[in-house]
Amino acid sequence: MPANGHVSTIQSNSKSTAIVEVNILSEDDQTINPADHDGVPSDYSIQVTGRNTIYSNEFIESKYIYEMNHCEIDHQTKQVKIIPRKYQYNFRTKRQVQRTGVMLVGWGGNNGSTVTGAIIANRDQITWMRKEGEQYPNYYGSLTQSTTIRLGSNNEGKEVHIPFNTILPMLHPNDIVIGGWDINEANLYEAMERACVFDYALQEKLKSKMLQLKPLPSIYYSDFIAANQEDRANNLISKGTKQNDLEHIRNDIRTFKKIHNLEQVIILWTANTERYVDVLSGLNTTGEELLQSIANNEDEISPSNIFACAAILENCPYINGSPQNTLVPGIIDLAEKNHVFIGGDDFKSGQTKLKSVLVDFLVSAGLKLQSIVSYNHLGNNDGKNLSAPQQFRSKEISKSNVVDDMVGANHLLYNKKINEHPDHVVVIKYVPFVKDSKRAMDEYISSIFMNGLNTIVIHNTCEDSLLASPLIIDLVILTELMTRITYTTNDNDQYQTFESVLSILSYLLKAPMVPSGTPVINALFKQHRCITNILSACAGIAMDTDMLLEHKTKLPKPMKIQF
Ligand SMILES: NC(=O)c1ccc[n+]([C@@H]2O[C@H](COP(=O)([O-])OP(=O)(O)OC[C@H]3O[C@@H](n4cnc5c(N)ncnc54)[C@H](O)[C@@H]3O)[C@@H](O)[C@H]2O)c1
Ligand SMILES: O=P([O-])([O-])O[C@@H]1[C@@H](O)[C@H](O)[C@@H](O)[C@H](O)[C@@H]1O
């Protein structure tokens, strides 16, 4: 339904806040002054007028009717019966953003030092010189900071777009308090210098602030990351039992939260890729088994298992930015029993992000993708760690499964009975010279009309940390937001949170973790719509269906909204 943006400025608190009133037109409504441009500035806030969105000091509450098709396929009659179903949700979002910190595991790494430096540069508006002239910090590549959402159209038929972070109250990255652990003792200036990601001039501007930041000692069990990482391990918790390690990390979290007077702390793994752990009954298939295995000092409990347990037991969301299977069934069970959010796996930053668009394009265009070869080489420490077979295997899995949902959705091209799917090869090589500037080369071959062949070859220079860092910011911001959203339904009037496995984060991850028994979606723009549509429903804004019937038909008079 079209909405009209109306801008009125009111004085409030410290700054003038313009309220963009989104009026749902009804029969007796007068048309209102159109917005004078199609882009709503970042310091505006929106207000949906109408009976279905209620604003109080504490909450934004919205009613939403969720419609689904229930399908029954009758193979005898060769008929598909479709039963449309409607479900009422009442979403409630706390308006007050929490004082939030993130504790990065692997803080001294390329991603950790880069995201930290970038937030300081943006927060303190640090500029630096380059041969092209003065450079300004930004948050490009961040969904929450650098993208917009189409709201509707104004009376002139112009599209009205709002900044993504306007749709609901969100944490600002400049306000995120950062800390964390690393097995290496380098301070954040030394880590930034070692990473070779930022311009030298920027590094010098950041030096005094980054020098003061030092990762907490961490847990190192040599069996889980490549042997070539051993020389980095000089900043360790004194050797003890895994139970001691768990308690030490829990205490670190409590101390960080207290020192910085935080309401929310998110624990995010951006440390090295570990090998997969065995998932065994009696070891880690339930929360109870997991805690008992830690108490028993079981070898198969990994550092990332310890961090995830510590986070959950401290009621902190845990996000896995790497591909290993940290989130074993025992971790999921522990998170669900403690109503704590977990998410993962493996930031979807460059080569795979593009793959999740290209495969969607080809298959949904009816072109039969037959072969995908994804090669890349990189020269950072991540690449060094991935040069070991077990760590590479973790990454190969997360990079390979990204096509499954798109291929599985088209049984006309791929015969499910024989599990038909494209050839798919992933190659990663360690070439120190290129450092963090990963070079990805892909070839996509598809069968096309009348058995022709189409070949797409891509060379993609992915500056790994400059692509991953904005994802870390978005993972923190969206996770903090989700901790403020609850809902009731037409058959349950008790407010509840979303499922502990936070699959809304899928857009940011290569191998999305989803609640048990639910589908994994990798297609990038389906993942994107999932986020924008859920947040639109919580804000009481009509979803953008892309139908634009107002431009294709004679739009009738708006109806009064009935619930
Ligand atoms: N584009 C990207 O950069 C990208 C994309 C997807 C996933 N990832 C994953 O993110 C992770 C970090 O990438 P990076 O480029 O920053 O790697 P990096 O090697 O520069 O940083 C990892 C850091 O983790 C530290 N570390 C290792 N084990 C630890 C432990 N048990 N506790 C605390 N610290 C520990 C290391 O000392 C190192 O400083 C890797 O697993 C990588 O596969 C990166
Ligand atoms: O996200 P993406 O560019 O497809 O995948 C990347 C890999 O290709 C790269 O080898 C690895 O270093 C990064 O951690 C990242 O996982």
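Keep in mind that what you see is a predicted model, and the values were worked out from it rather than measured.
Listed by first and then second residue, the salt bridge (Lys or Arg N to Asp or Glu O under 4.0 Å) pairs that reach into residues 412-425 are K368-E420, sequence neighbours excluded.
In this structure a side-chain-to-backbone donor-acceptor pair under 3.5 Å is present from T479 to L475. Within the 3.5 Å criterion, the main-chain N or O of N492 finds a donor-acceptor partner in the side chain of T489. A donor-acceptor contact shorter than 3.5 Å is absent between the side chain of R123 and the backbone of N174. Formation of a donor-acceptor pair under 3.5 Å by the H421 side chain with backbone atoms of N419 is found in this model. Checking side-chain atoms of D405 against main-chain N and O of A523 turns up a donor-acceptor pair under 3.5 Å. In this structure, the side chain of T545 engages the main chain of M547 through a donor-acceptor pair within 3.5 Å. Under a 3.5 Å cut-off, the side chain of Q527 and the backbone N or O of S506 do form a donor-acceptor pair.
A donor-acceptor contact closer than 3.5 angstrom links the side chains of N111 and S465. Donor-acceptor pairing under 3.5 Å is recorded for the side chains of T326 and Q324. Residues Q88 and N90 bring a donor and an acceptor atom of their side chains to less than 3.5 Å of each other. With 3.5 Å as the limit, one finds no donor-acceptor pair spanning the side chains of T461 and K438. With no hydrogens or angles considered, a side-chain donor-acceptor pair links E480 and Q98 at under 3.5 Å. Residues T286 and D333 bring no donor and acceptor atom of their side chains to less than 3.5 Å of each other. Under the 3.5 Å distance criterion, with hydrogens and angles disregarded, a donor-acceptor pair is assigned to the side chains of N305 and S302. In summary, the side chains of K348 and S356 do present a donor paired with an acceptor at a separation below 3.5 Å, with no hydrogens or angles considered.
At a threshold of 4.0 Å, the pair E396-R393 counts as salt-bridged, since one of the basic side-chain nitrogens sits closer than that to a carboxylate oxygen.
In K353, the NZ atom is crowded: over 12 heavy atoms of neighbouring residues, nucleotides or ligands sit closer than 6.0 Å. Annotation for F525: atom CZ does not count as buried by contact number, only 12 or fewer foreign heavy atoms lying within 6.0 Å. The environment of Y495 atom OH is dense: over 12 non-hydrogen atoms of other residues, nucleotides or ligands sit within 6.0 angstrom. Surrounding CD of E499 are at most 12 heavy atoms belonging to other residues, nucleotides or ligands under 6.0 Å away.
Looking at residues two or more places apart in sequence or on another chain, you find a side-chain hydrogen bond (donor to acceptor under 3.5 Å, both in side chains) between S447 and Q370. Taking the side chain to side chain contact (heavy atoms under 4.5 Å, CB included) definition, one finds that L168 meets it with I60, T93, L481, I485, L535, C538, A539, sequence neighbours left out. Shown here are the side chain to side chain contact (heavy atoms under 4.5 Å, CB included) partners of A195, two or more places apart in sequence or in another chain: N110, S113, V197. Under the salt bridge (Lys or Arg N to Asp or Glu O under 4.0 Å) criterion, R92 pairs with no residue at all, not counting sequence neighbours. Residues passing the side-chain hydrogen bond (donor to acceptor under 3.5 Å, both in side chains) test with S322, sequence neighbours excluded: W269. Residues satisfying the ring pair (Phe, Tyr, Trp, His ring centres under 6.0 Å) criterion with H528, sequence neighbours excluded, are Y507. For the side-chain hydrogen bond (donor to acceptor under 3.5 Å, both in side chains) test, residues two or more places apart in sequence or in another chain that qualify with H377 are Y375. Evaluation of the ring pair (Phe, Tyr, Trp, His ring centres under 6.0 Å) rule for F498 yields Y487 as partners, not counting sequence neighbours. Every residue two or more places apart in sequence or in another chain that forms a side chain to side chain contact (heavy atoms under 4.5 Å, CB included) with S62 is listed here: T53, F91. Shown here are the side chain to side chain contact (heavy atoms under 4.5 Å, CB included) partners of L548, two or more places apart in sequence or in another chain: R150, E159, E550, H551, K552.
The side-chain heavy atoms of V265 and M103, taken from C-beta on, include a pair separated by under 4.5 Å. Residues Y55 and V48 meet the side-chain proximity criterion, which asks for heavy atoms closer than 4.5 Å. The shortest distance between side-chain heavy atoms of I178 and L104 falls below 4.5 Å. For the pair K399 and N376, the minimum side-chain heavy-atom distance is below 4.5 Å. Side-chain contact check for D442 versus V457: every heavy-atom pair is 4.5 Å or farther apart. With contacts defined as side-chain heavy-atom distances shorter than 4.5 Å, the pair P323/Q391 does not qualify. Side-chain contact between N122 and Y139: present, with at least one pair of heavy atoms (C-beta onward) separated by less than 4.5 Å. At least one side-chain heavy atom of W107 sits less than 4.5 Å from a side-chain heavy atom of T116.
Minimum interatomic distance between L369 and Y414 (heavy atoms only, all atoms of both residues): O-OH, 2.6 Å.
A side chain to side chain contact (heavy atoms under 4.5 Å, CB included) with F164 holds for exactly one of I477, D474, I149; it is I149.
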Pairs under 3.5 angstrom only: tabulate donor-acceptor contacts from the side chains of residues 339-347 to other protein residues two or more places apart or in another chain.
residue, atom, partner, partner atom, Å
D345, OD1, N320, ND2, 3.0
D346, OD1, K395, NZ, 2.9
D346, OD1, K510, NZ, 3.4
D346, OD2, K395, NZ, 3.4
D346, OD2, S398, OG, 2.6
D346, OD2, K510, NZ, 3.2

